[in-house]
There are 2 protein chains.
Amino acid sequence: MFRKVLIAEDHEIANISIQKTLQDFGIQEAKYVYYCDHALTWIKKAQRDGEPYDLLITDLIFEDDNTPQQITSGIELVQAVKQVQPDIKTIVFSAESRSRVIDDLFSNNQIDGYVRKARRDAQYLNEALKTVYANKIYKSPDSADGALVKNSHEFTTFDIHIISLLAQGVPQKNIPYYLQQKNIKPSGLSSVEKRLNLMRDVLDFSKNEQLVAYCKDIGLL
Amino acid sequence: MFRKVLIAEDHEIANISIQKTLQDFGIQEAKYVYYCDHALTWIKKAQRDGEPYDLLITDLIFEDDNTPQQITSGIELVQAVKQVQPDIKTIVFSAESRSRVIDDLFSNNQIDGYVRKARRDAQYLNEALKTVYANKIYKSPDSADGALVKNSHEFTTFDIHIISLLAQGVPQKNIPYYLQQKNIKPSGLSSVEKRLNLMRDVLDFSKNEQLVAYCKDIGLL
DNA sequence: TTTTCATTTACGGGAACCCGTAAAGAAGCA
DNA sequence: TGCTTCTTTACGGGTTCCCGTAAATGAAAA
């Protein structure tokens, strides 16, 4: 089993439980930090001392508490750590449930495991440790996509920009101007209208207010 | 200190840590359940046996895992439990950060403590236990904000109905019809328009989309 | 280059929305 | 009852939005 493990998790309650889970595995050398910057510092230090960590367990979102930090999210932490020590194993432990976000972690950021904070998370974390130690990829079953797929619409960054501007009170007819400012590719008013029309159609909405409400609900805004 | 405590929390990891916190307090009789229905059952059973619980610690949101449940949220659980045993103390332990929602818990649902799942949640839970045991109200400092108090508007139920209908896609001109159905007093289109105009004016908004987004943010919808 | 196809933009009629003003209604008081 | 005051509703114009169609642009194939 893993010898040295580093845990980056700002919620004290979650941190405590991860500790306990590791103890049950007989892992003695575990370090627990509450900030991403501290995590990177410990990784570097261990690397220098010739006693590198085998595994990093990290959350995705770290709440800002006005302590200035260089690294502010789990994704950035993984990327920074991989630069220092490319062979380290990483497990992300987060409440994120959007399949696109989770899949991005595996494809772009080369993580080894994902456990969603949900009903049987302790059990799944346990399985993740075993699986990742065996050099395999682990994804907790409740984060395996396909669950939320009813008549959902895959929002592009273009879509999100439009809805975001609407939610900020920009009149529809002025949206082209804002899109040009950001060099976003289609910027014509008709393109905006057509895209809004398509989104409303797919989601069976009739008004833009519904789009804003929907995006707020699924955490897109 | 409390003798018998019941914990309703679906996340296994969080549940484990609450257990540990209670153990550190020397509380021996603690029962841990993962569903609201089970919680109510145990409360009733203990009541019948003449050994009632002193304290209920519950989450707000319980994830649906296709196990059919009567009670599906922490608020409903508190209300149901209070009917069975009005004198029980209740602490809510949740990630909810919207002050409006938290304040509602205290005013309408008579809870004794709120601890937000955040950085120092274990420490705050500790303080909550002591404070509530001393018959006082506890609210973890990171949920006590009041930071959102800019030029805020006191929403009436009339306001909320209007915005809710907008967020559901009802055309503005049809809102009078829906208001009449619910016997809401001013139902004229002009009244609706005037009220929307006032809300936008107070909050310095120009579009209804902003109102919907704002209400979602502060937990009004 | 020309042709073809897809994407983007321009335009116009009709509906919904914004907003100011004025009429109608409801409640309180002599 | 008659008067005042406040709330609610009705109306009309100017604007924005919705949506279908057509023109313009651009990219890839012939």
Side-chain angles (χ1 to χ4, degrees), chain A residues 100 151-217 220-221, chain B residues 150-217 220-221:
Chain A
R100 199 166 54 126
N151 54 352
S152 91
H153 166 70
E154 196 65 19
F155 287 89
T156 66
T157 54
F158 183 63
D159 297 338
I160 297 171
H161 269 110
I162 295 175
I163 300 178
S164 169
L165 288 170
L166 283 179
Q168 289 167 29
V170 176
Q172 217 172 98
K173 59 162 190 157
N174 293 351
I175 288 185
Y177 170 74
Y178 284 85
L179 292 178
Q180 283 169 11
Q181 298 260 327
K182 297 195 176 185
N183 285 334
I184 296 175
K185 305 177 280 189
S187 65
L189 179 55
S190 286
S191 296
V192 172
E193 290 175 343
K194 178 171 249 177
R195 199 67 200 168
L196 282 169
N197 195 8
L198 180 132
M199 287 190 278
R200 285 194 301 262
D201 199 41
V202 169
L203 294 164
D204 202 24
F205 291 164
S206 60
K207 309 226 33 161
N208 290 339
E209 284 89 336
Q210 290 176 283
L211 280 175
V212 171
Y214 179 77
C215 287
K216 282 284 179 188
D217 280 340
L220 222 51
L221 286 186
Chain B
K150 46 180 186 182
N151 50 353
S152 95
H153 164 70
E154 194 64 21
F155 289 89
T156 66
T157 54
F158 183 62
D159 297 336
I160 297 171
H161 269 110
I162 295 174
I163 300 177
S164 169
L165 288 170
L166 283 179
Q168 289 166 29
V170 176
Q172 216 172 99
K173 58 163 190 156
N174 293 350
I175 288 185
Y177 169 75
Y178 284 86
L179 292 178
Q180 284 169 11
Q181 298 260 329
K182 296 197 176 185
N183 285 334
I184 297 175
K185 303 182 281 189
S187 65
L189 180 56
S190 285
S191 297
V192 173
E193 289 175 344
K194 178 172 248 175
R195 199 67 199 169
L196 281 170
N197 195 9
L198 180 130
M199 288 190 278
R200 285 195 301 262
D201 199 41
V202 170
L203 293 165
D204 201 24
F205 291 164
S206 60
K207 309 228 35 162
N208 289 337
E209 283 89 338
Q210 289 176 282
L211 280 175
V212 171
Y214 179 77
C215 287
K216 282 285 179 190
D217 280 340
L220 222 52
L221 285 186

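Every chain is numbered from 1 and lettered A, B, ... according to where its sequence line falls, protein lines coming before strand lines. A quick note: this is a predicted structure, and the numbers were derived from the prediction, not measured.
- When all heavy atoms of A:Ala167 and B:Ala213 are compared, the pair lying nearest together is CB-CB, 4.1 Å.
- Smallest separation of non-hydrogen atoms from B:Leu179 and B:Pro186: CD1-O, 3.8 Å.
- Spacing between atom CG of A:Leu196 and atom P of D:dT16 amounts to 17 Å, rounded to whole angstrom units.
- For DNA chain C, the contact window with chain B, defined by any atom under 4.0 Å from a protein heavy atom, covers C:dA16 to C:dC19 in 5' to 3' order.
- Residue whose closest nucleotide on DNA chain D sits further toward the 5' end, between B:Leu189 and A:Asn208: B:Leu189.
- One interatomic measurement links the two molecules: CD of B:Glu193 to P of D:dT15, which rounds to 17 Å at whole-angstrom precision.
- Contacts between residues 164-178 of chain A and DNA chain C, defined by a heavy-atom separation under 4.0 Å, are absent.
- Residue-level contact check: B:Arg195 touches neither bases nor backbone, having no heavy atom under 4.0 Å from any strand.
- In this structure, the NZ atom of B:Lys207 is 7 Å from the C1' atom of D:dT16, given to the nearest Å.
- One atom, NZ of A:Lys194, and another, C1' of D:dA22, lie 11 Å apart when rounded to the nearest Å.
- Around the CZ atom of B:Phe155, the shell of radius 6.0 Å holds more than 12 heavy atoms that belong to other residues, nucleotides or ligands.
- Summarising the geometry, atom CE belonging to B:Met199 is positioned 5.0 Å from atom CD1 belonging to B:Ile162; distances are rounded to the nearest 0.5 Å.
- Rounded to the nearest 0.5 Å, atoms CG (A:Asn197) and OG (A:Ser190) are 11.5 Å apart.
- Nearest heavy atoms, A:Gln172 versus A:Asn208: NE2-ND2, 3.1 Å.
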Are A:Asp159 and A:Leu220 close enough, and set up right, to give a side chain to side chain contact (heavy atoms under 4.5 Å, CB included), and what steps lead you there?
-> CA-CA 10 Å; A:Asp159 297 338; A:Leu220 222 51; over 6 Å; no

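- In this structure, the side chains of A:Leu196 and A:Glu193 stay at 4.5 Å or more apart for every pair of heavy atoms.
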